[in-house]
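Structure first, then comments.
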Amino acid sequence: MFQKVLIANRGEIAVRIIRACKQMGIETVAIYSVADKDSLHVQIADDAVCVGGAKSNESYLNMENIVTAAISKGAEAIHPGFGFLSENSDFANLCQECGLRFIGPSGNVIDQMGNKSKAREIMIKAGVPVVPGSNGAVKSLDDARSIALEIGFPILIKASAGGGGRGMRVANIMDEFDNAFETAKSEAINAFGNGTMYLEKYVINTKHIEFQIMADKYGNVVHLGERDCSIQRRNQKVLEEAPSLISEDLRKRMGDAAILASKSVNYENAGTIEFLLSGDDFYFIEMNTRIQVEHPVTEMVTGIDIIKEQIKVAAGKELSFTQEDIILKGHSIEVRINAEDPKHGFRPNPGKIDLLHVPSGNGIRFDSFIYTGYSIPPFYDSMMGKVIVHGENRIDAINKMKATLEELVIGGVTTNQDFCYMILNNADYVKGEFDTGFIGMKIDSLLEYDE
Ligand code: MV4
């Protein structure tokens, strides 16, 4: 096992990873920007290195400084967390060249899955169901037009270098196609420096269901069940739950497809296979090669510590469980607590935490990095933490989350916690009658809470 790990991240996930390392008897090195010197991850790590300026580009994305910090402190491995360098193949390769273990898949696999049209091509070859669309990337506008006619409208034009909903455009009819294609392409060139595009049939009224995968170096791949992540606002997830409301039969079929997808690229470490679900039809859309924000709901229903498992397989251990060992127990819900003002367009609202009361109890977890007196820096995203609950069943979990959100007090900044409560209080949400359009459709009633 590693003796020392560097955590190349900040905020709640850095805290989460440092805690896991400590529990495993692994020494920890935090990195931080000049804006984060008072951050909790710096305080709880055994050692910490300032890697640069407040802007992410100068610090949390500064590969040379991070690798230099790891080497000079004698760390053997780097955990990238999520965001920042977590899906950067250059960083994974640089770690390897410097004799550091990157806790995640190889640079080659990150590249293959980061190229979303290539990933689609690989899944088609492997026999994983995908949405009708182009076989990989399209060659030209003319090529795209003829494929669009074959698929039929509406068409979703996606950027290969995009993902997570960035760089997408819908064309409802052929008349809209050229304009949508060219707009999406120039946006992609602007945002990602890459105008490679692919096409899919636009599937409406879908649920977003993702499977958690764990794989070791020896070809063992196990799925830890799925999460429903349909409750999103503008591609930002707000509430996630496990399991989803699918039948045992569908879980088996989707889980088999997720394992097939992972095996087709010789996947190693933790990963997520994203599907769109429409009725009983499911389609692969993307694979994420990092630990995800919402991993705790899977931990709650499986009893597996996914971060510890990532570290163990990166160190060369075999998975400590088989598919038969995975039994989903009860129901878990997570809400993301952001420093933002829902009633004013969800604008970010960094500031000083002047009061903090965190509820606790059986099956209640708060993954966060805030403390009384801490000032949230304005340079990073607005997520302050996550409330996660585990109940006997879905209704029990909903009631536990509502009670927990009512008790949680975060003073000094405006938060989205009442907005989250309104989701849990919505009759259609409680009935399971929701899809990815839920927040967009119900935004007015979800904002009807007293301040
Ligand atoms: C789609 C889709 C409908 N049809 N692909 C958005 C996130 C990114 N991972 C893929 N996304 C979508 N891809 C086809 N062919 C609808 C979405 C989508 C969506 C998916 C999951 C959760 C929320 C969403 C919100 C808008 C669009």
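We count ligands from 1, going down the list as the structure has it; atoms in each ligand are counted the same way. On a predicted model such as this, the values are computed, not experimentally measured, just so you know. Start at 1 with the first residue, then count along the sequence.
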| query | What protein heavy atom is closest to atom 8 (C) of ligand 1, reported as residue, atom name and distance in Å? | reply | G165 N, 3.3 Å

| said: Distance alone, cut at 3.5 Å: any donor-acceptor contact between the side chains of Y198 and N135? | reply: no

| query | For ligand 1, which atoms, with element, lie under 4.0 Å from some heavy atom of V131? | reply | 15 (N)

| remark: for atom 16 (C) of ligand 1, nearest protein heavy atom and its distance come out as Y202 CE1, 4.1 Å

| said: For the residue pair H295 / R227, report whether a side-chain donor-acceptor contact shorter than 3.5 Å exists. | reply: no

| Under-4.0 Å salt bridge between D305 and R16 | yes

| field | Under 3.5 Å: N/O of H208 near N/O of ligand 1 | value | no

| said: Distance alone, cut at 3.5 Å: any donor-acceptor contact between the side chains of N194 and T196? | reply: yes

| Is it true that the NZ or CZ of K402 lies under 6.0 Å from the centre of Y421's six-membered ring and within 45 degrees of the ring axis? | yes

| Among protein heavy atoms, which lies nearest atom 26 (C) of ligand 1, and at what distance? | N235 OD1, 4.0 Å

| said: Would T206 count as a contact residue for ligand 1, given that I'm defining contact as a non-hydrogen atom of the residue lying under 4.0 Å from a ligand atom? | reply: no

| message | Given 3.5 Å as the limit, does a donor-acceptor pair link the side chain of Q232 with the main chain of V238, or not? | response | no

| Does the side chain of N88 come under 3.5 Å of the side chain of S86 through a donor N or O and an acceptor N or O? | no

| task | Inspect the contact between E200 and R120 and indicate whether a charged nitrogen and a carboxylate oxygen are less than 4.0 angstrom apart. | result | yes

| request: For E200, take its heavy atoms, then give the atoms of ligand 1 lying under 4.0 Å from any of them. | output: 5 (N), 14 (C), 15 (N)

| message | Using a plain distance cutoff, I'd like to know if K158 has any nitrogen or oxygen under 3.5 Å from a nitrogen or oxygen of ligand 1. | response | yes

| Is Q232 close to ligand 1, meaning an N/O of one under 3.5 Å from an N/O of the other? | no

| field | Part of L276 within contact of ligand 1 (heavy atoms, under 4.0 Å) | value | side chain

| So which heavy atom in the protein is nearest atom 10 (C) of ligand 1, and how far is it from that ligand atom? | I285 CD1, 3.6 Å

| Per-atom contacts of ligand 1 with E274, taking only distances under 4.0 Å to non-hydrogen atoms | 9 (N)

| With distance as the sole criterion, is a donor-acceptor pair present between the side chains of N288 and E274 under 3.5 Å? | yes

| request: Using distance alone, decide if ligand 1 has a nitrogen or oxygen within less than 3.5 Å of any nitrogen or oxygen in K201. | output: yes

| message | Does the structure place the NZ or CZ of R233 under 6.0 Å from the centre of the six-membered ring of F346, at an angle of no more than 45° from the ring's axis? | response | yes

| message | Below the 3.5 angstrom mark, is there an N/O of V203, backbone or side chain, next to an N/O of ligand 1? | response | yes

| field | Top protein contact for atom 27 (C) of ligand 1, by heavy-atom distance | value | M168 CE, 4.1 Å

| task | Answer yes or no: does an N/O atom from E286 fall short of 3.5 Å to an N/O atom of ligand 1? | result | yes

